[in-house]
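In the text below, chain A, chain B and the rest are named by the order of the sequence lines, each starting its count at 1.
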There are 2 protein chains.
Amino acid sequence: MTRTLRSDGRLPLHVRVGDDLVDRIAAGEWSPRTPLPPERSLAEEYGISVGTMRKVLSDLVAAGRLVREQGRGTYVRRADFSTSFLRFLRHGDPSGPLPTGHVLERTVTTAEAPVAEALDLPSGAPIVRLHRERRLGDRVLALEDIALPADRFAPLADLPVEDFADLLYPQYEELCAQTVTTASEVMTITTATADEARALGVDRDAPLVRIERLARDVRGDALEHRISRTPAADFTYRMEIQ
Amino acid sequence: MTRTLRSDGRLPLHVRVGDDLVDRIAAGEWSPRTPLPPERSLAEEYGISVGTMRKVLSDLVAAGRLVREQGRGTYVRRADFSTSFLRFLRHGDPSGPLPTGHVLERTVTTAEAPVAEALDLPSGAPIVRLHRERRLGDRVLALEDIALPADRFAPLADLPVEDFADLLYPQYEELCAQTVTTASEVMTITTATADEARALGVDRDAPLVRIERLARDVRGDALEHRISRTPAADFTYRMEIQ
DNA sequence: AAGTGGTCTAGACCACTGA
DNA sequence: CAGTGGTCTAGACCACTTT
């Protein structure tokens, strides 16, 4: 009757149940729109007490994997798209108009070694590549080069380039049923190549902020590799340290 | 018998008890070296159940204010000094030798408006100013300008400049009983002035990373204002996004 | 062995959301 | 009003650290 856990029985129950829930979310059993069952039902399903199930769920909330709302339910968390690095740019007020996205080039190709490694794919695996600009009005704020595993993102191989949205993550969710939950970024300062300088409207060798991002799903599997470049002069980053 | 809480009685018990504990930590009742009483004693002291006290304590752990170790006790958390932005510099391996710190100038003066505001002091309040270099061997990695409220940091006004340590936060704790718990930083990219270029050994107008940090104690009160500058070419920053 | 935090249970009752 | 998560209790027992 109670759900069987396959993980190491020496681990605490709340850890094993949490891992199992993450697997089920990754398998698509629940999405950001369909709530998980109430904690009482889940506790019964796993044959554990409500108190323990509450610990499982609040740990997953702390880990950024779920969101709970009193009276409504427990939902799979989607990445907050405003955490994009673009919110660190200085243009206008942060509550102002959203920068637009423009895919200039989309190719289906095979992954070079570094990108394949980042995405945890065999070298030469098929990927969808997007070259993209973010703009505010006429002004180009950033250049982006995006790589996606072709098997998970097949619908994007045929999508007309003008149909790509300003925000890609909601589109990944709608068209490809892939939800971005977390990401790691590495930021460095570089100087503009001739092409970058032309596209961004800055001098050759002007300092750029370069951000390499790896976006992941609930289970931590790599979904998207993205390199963004933006003029350093426009950049401010705030962080809270503990 | 049970400790009286002064905060708004409509708030949940675990919040009120948590606030009270933070006040007691800020008042110096416990330090990173003297453990808090065991959860059972604390629960009794406040007249609440152990389960509720456990929630209070684990919330404070999640907020970065306490550290718990099974079998040992519950301690006030100190800032992990390795979270300093210097760990983001590319020189050598991160586990290599620690950069040294050299106070070039120490003055006791009054706070200018922006610094006073950041430190939440009245304009013109007395502060201790430090101008400092961080070096690895002969090489200057970063310049720092530090401002500290003179009342809380009186012992530093007389300390010979050569007695300042490589890491200041442990010294704040030992000499001034001030523990840094959290900080916020704002990072921007600037270009080197003539003085900065000379001190850092880069070209005039070379890109610099400028980090403005405000360090706080458990209660969130401002302890230290610090502006650091380091050559942008040396800088890498990794972040995990949720 | 004594003392600490960690796991887990089995409830009662409250606060909020939506139909 | 039914159904959801949030608060709080009162325990038992386990795992780890220190003496």
(message) Once you apply a heavy-atom cut-off of 4.0 Å, does B:Leu57 come out as touching a base, just sugar-phosphate, or nothing?
(response) nothing
(message) In this structure, how many angstroms lie between the C1' atom of D:dT7 and the NZ atom of A:Lys55, rounded?
(response) 17 Å
(request) Please state how far atom CD in B:Glu39 lies from atom P in D:dC8, giving the value in whole angstrom units. (result) 17 Å
(request) Report yes if a side-chain nitrogen or oxygen of B:Thr52 is closer than 4.0 Å to either non-bridging phosphate oxygen (OP1 or OP2) of D:dT9; otherwise report no. (result) yes
(request) Could you label the plane-to-plane angle of the A:Tyr169 and A:Tyr172 rings as parallel, tilted or perpendicular, counting under 30° as parallel and over 60° as perpendicular? (result) tilted
(message) From the set C:dT7, D:dG5, C:dG6, return the single nucleotide nearest to any side-chain atom of B:Gln70.
(response) C:dG6
(request) Would you kindly give the CE-to-P distance between B:Met53 and C:dT4, to the nearest whole Å? (result) 14 Å
(request) Take atom CG of B:Asp59 and atom C1' of D:dG6, then tell me their distance rounded to the nearest Å. (result) 12 Å
(message) With a 6.0 Å cut-off (strictly less than), is the heavy-atom count around CD of B:Glu133, excluding the residue itself, greater than 12?
(response) yes
(message) Just the rounded figure in Å: distance from C1' of C:dC8 to OH of A:Tyr46.
(response) 17 Å
(request) Please state how far atom CG in A:Leu13 lies from atom C1' in D:dC14, giving the value in whole angstrom units. (result) 13 Å
(request) Compare all side-chain heavy atoms of A:Arg213 with those of A:Glu144 and state whether any distance is below 4.5 angstrom. (result) no
(message) Is it the case that over 12 heavy atoms from other parts of the model lie below 6.0 angstrom from the CG atom of B:Asp120?
(response) no
(message) Rounded to whole Å, please give me the gap between CD in A:Glu69 and P in D:dG6.
(response) 10 Å
(message) From the set D:dT4, C:dG5, C:dC8, return the single nucleotide nearest to any side-chain atom of A:Pro38.
(response) D:dT4
(request) Using only side-chain N and O atoms of A:Thr74, determine if any of them is under 4.0 Å from OP1 or OP2 of D:dG5. (result) yes
(message) Between B:Ser184 and B:Arg216, do the side chains contain a donor N or O and an acceptor N or O under 3.5 Å apart?
(response) yes
(request) Answer yes or no: does a side-chain N or O of B:Arg68 lie under 4.0 Å from OP1 or OP2 of C:dG5? (result) yes
(request) May I ask you to verify whether the side chain of A:Arg40 and the base of D:dG5 hold a donor-acceptor pair under 3.5 Å? (result) yes
(request) Would you mind telling me which of D:dG6, C:dG5, C:dC8 lies closest to the side-chain atoms of A:Arg54? (result) D:dG6
(request) By nearest nucleotide on DNA chain D, pick out whichever of A:Pro37 and B:Ile48 is the more 5' one. (result) A:Pro37
(request) Give a yes/no answer on whether the side chain of A:Arg72 brings an N or O atom under 4.0 Å of OP1 or OP2 in C:dC16. (result) no
(request) To the nearest Å, give me how far apart CG (B:Leu11) and P (C:dC14) are. (result) 18 Å
